[in-house]
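What you see is a predicted model; the values in this text were computed from it and never measured.
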Amino acid sequence: AYERTCRYFCRKTNSVVVCVGYRLAPEHPFPAQFEDCLTATIHFLRTAQDHGVDPSRIVICGDSSGGTLTAAVAQALVNRRDLPKLRAQILIYPFLQCVDFNLPSYQQNERVPILLRERTLVLGLKYINVDLCLIKGILKGCHVSECRRLKYQKWVSPDYIPQEFKTRGYKPSPTYPPSKEICEVCEPMFEPVFSPLLAEDSVIAQLPETFILTCEFDVLRDDGLLYKKRLEDHGIKVTWCHLQEGFHGTV
């Protein structure tokens, strides 16, 4: 599915393009995909010159869940002193957080193909092997304990979404009490490898220059906007492209 796209990038940018054939869920559950992408990236960083590549000019890129993996790999490499630093990361409409499925973009685009709001959660739960019967509770936010809610509200909140993105039918959502049972089962969702937006400030502050693409008609739009804000708050240079008529999968 991606070979033509990768060949296009290769041709248009005059770059070496490496596409990682990572193992897929649900046959290979999380975090096998992350581990494969990290292993491949480390290998290429170490052997770049064998492929005629300058190790200081390596960029990692991904779209949708590939954007999640890209962000997670970039975070995993920030403290590696034995490897060249990444030149940049490119995140194309990435999934970045599981705290709030009622952000403006989730509300506005919940029925917009191809990534409907509930389908986003179904895919995520299959990825980490969590029972799909929990969907209704998670959509209400019952999977977020009070202590997590207090910690993450400084990073994940509709308050940080620019007003211009709230004009299309957004209403603040009621807050529901957490469910201890759901919180326990959903623990893996809060790992930065699954939700890179939840990484600590010490990690975010060391990330490379970043390109983020968001689409107006995409439930994941606000994940990109929130990550953009976090990076910029830490002085990371961000190039942001927003497709006003775009939708998830538009690439």
Side-chain angles (χ1 to χ4, degrees), residues 1 22-37 62-72 93-153 155-158 161 169-199 215 217-227 247-249:
Y22 56 82
R23 289 169 290 172
L24 302 177
E27 293 82 4
H28 301 280
F30 166 86
Q33 299 72 24
F34 163 74
E35 291 167 351
D36 287 354
C37 290
D63 76 316
S64 194
S65 58
T68 316
L69 293 167
T70 298
Y93 36 74
F95 172 92
L96 297 170
Q97 62 84 31
C98 65
V99 175
D100 192 345
F101 294 100
N102 291 288
L103 291 170
S105 62
Y106 270 105
Q107 286 190 26
Q108 295 161 341
N109 303 306
E110 65 175 335
R111 294 185 180 88
V112 176
I114 56 174
L115 195 62
L116 284 67
R117 175 170 172 253
E118 190 167 307
R119 186 180 181 194
T120 305
L121 193 49
V122 167
L123 293 172
L125 294 183
K126 283 185 176 180
Y127 185 44
I128 55 173
N129 202 23
V130 170
D131 197 322
L132 299 183
C133 72
L134 301 180
I135 283 179
K136 287 187 177 178
I138 296 172
L139 288 174
K140 290 180 178 179
C142 300
H143 64 304
V144 187
S145 65
E146 289 296 345
C147 61
R148 287 193 188 280
R149 197 165 284 170
L150 285 170
K151 178 178 181 178
Y152 297 145
Q153 66 184 6
W155 301 330
V156 184
S157 168
I161 303 299
Y170 165 69
K171 293 181 181 178
S173 299
T175 301
Y176 294 90
S179 159
K180 185 179 179 182
E181 293 75 22
I182 298 179
C183 289
E184 288 176 357
V185 173
C186 291
E187 278 286 320
M189 296 175 71
F190 300 100
E191 294 179 23
V193 169
F194 185 85
S195 295
L197 184 57
L198 307 182
C215 293
F217 299 102
D218 181 8
V219 290
L220 302 183
R221 180 197 70 202
D222 293 349
D223 284 24
L225 295 177
L226 292 172
Y227 206 50
F247 52 89
H248 197 83

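Summarising the geometry, atom CG belonging to Leu226 is positioned 12.5 Å from atom CH2 belonging to Trp155; distances are rounded to the nearest 0.5 Å. Between atom NZ of residue Lys140 and atom CG of residue Leu134 there is a gap of 13.0 Å, rounded to the nearest 0.5 Å. With rounding to the nearest 0.5 angstrom, the CG atom of Leu116 is 11.5 Å from the NE2 atom of His248. One finds the CG atom of Leu198 at 8.0 Å from the NZ atom of Lys151 (value rounded to the nearest 0.5 Å). Annotation: the span from Phe101 atom CZ to Ile135 atom CD1 amounts to 10.0 Å, rounded to 0.5 Å. A distance of 6.0 Å separates CG of Leu115 from OG of Ser64, quoted to the nearest 0.5 Å.
Between Pro104 and Tyr170 the shortest heavy-atom distance is CA-CD1, 3.6 Å. The two residues Cys142 and Pro177 make their nearest non-hydrogen contact at SG-O, 3.6 Å. Nearest heavy atom pair, residue Cys183 against residue Ser145, reads SG-N, 3.6 Å. Contact record, Pro113 with Arg111: CD-O, 3.4 Å, taken as the closest heavy-atom pair. Pairing each heavy atom of His143 with each of Cys98, the nearest pair is NE2-O, 2.7 Å. The minimum heavy-atom distance between Asn102 and Asp100, with the atom names listed, is N-OD1, 2.7 Å.
Residues Tyr176 and Pro174 have side chains in contact (heavy-atom distance under 4.5 Å, counting atoms from C-beta outward). In this structure the side chain of Tyr227 never reaches within 4.5 angstrom of the side chain of Pro94, judged on heavy atoms. Residues Ile138 and Cys186 have side chains in contact (heavy-atom distance under 4.5 Å, counting atoms from C-beta outward).
Applying the ring pair (Phe, Tyr, Trp, His ring centres under 6.0 Å) test to Phe30 and every residue at least two apart in sequence or in another chain returns Tyr127, Phe194. With sequence neighbours excluded, no residue forms a side-chain hydrogen bond (donor to acceptor under 3.5 Å, both in side chains) with Glu110. By the ring pair (Phe, Tyr, Trp, His ring centres under 6.0 Å) test, Phe34 is found to be paired with no residue, residues two or more places apart in sequence or in another chain being considered. Taking Gln107 as the reference, Ser173 meet the side-chain hydrogen bond (donor to acceptor under 3.5 Å, both in side chains) condition, with sequence neighbours excluded.
Arg23 CZ: more than 12 foreign heavy atoms inside a 6.0 Å radius. Annotation: Glu118, atom CD; neighbour count of heavy atoms from other residues, nucleotides and ligands within 6.0 Å does not exceed 12.
If you run side-chain contact (heavy atoms from CB on, under 4.5 Å) between Met189 and each of Val130, Leu125, Val144, only Leu125 comes through. For the side-chain contact (heavy atoms from CB on, under 4.5 Å) with Asn109, the lone residue among Val219, Asp222, Thr120, Leu220 that qualifies is Val219.
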Practice task
Could you give me the CA-CA distance, side-chain angles and deciding distance for Asp223 and Tyr106, then say whether side-chain contact (heavy atoms from CB on, under 4.5 Å) is met?
Solution key: CA-CA 10 Å; Asp223 284 24; Tyr106 270 105; 4.2 Å; yes
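In this structure, Gln97 contributes its side chain and Val99 its backbone to a donor-acceptor pair below 3.5 Å. A donor-acceptor pair is defined here as one N or O able to donate and one able to accept, closer than 3.5 Å; such a pair exists between the side chain of Ser179 and the backbone of Ile182. In this structure a side-chain-to-backbone donor-acceptor pair under 3.5 Å is missing from Asp63 to Gly249.
Counting only residues at least two apart or in different chains, salt bridge (charged side-chain N to carboxylate O under 4.0 Å, His left out) contacts with residues 123-137 are absent. Residues in residues 173-188 take part in these salt bridge (charged side-chain N to carboxylate O under 4.0 Å, His left out) pairs, two or more places apart or across chains: Arg148-Glu187.
A ring-centre distance under 6.0 Å is not found for His28 and Tyr22.
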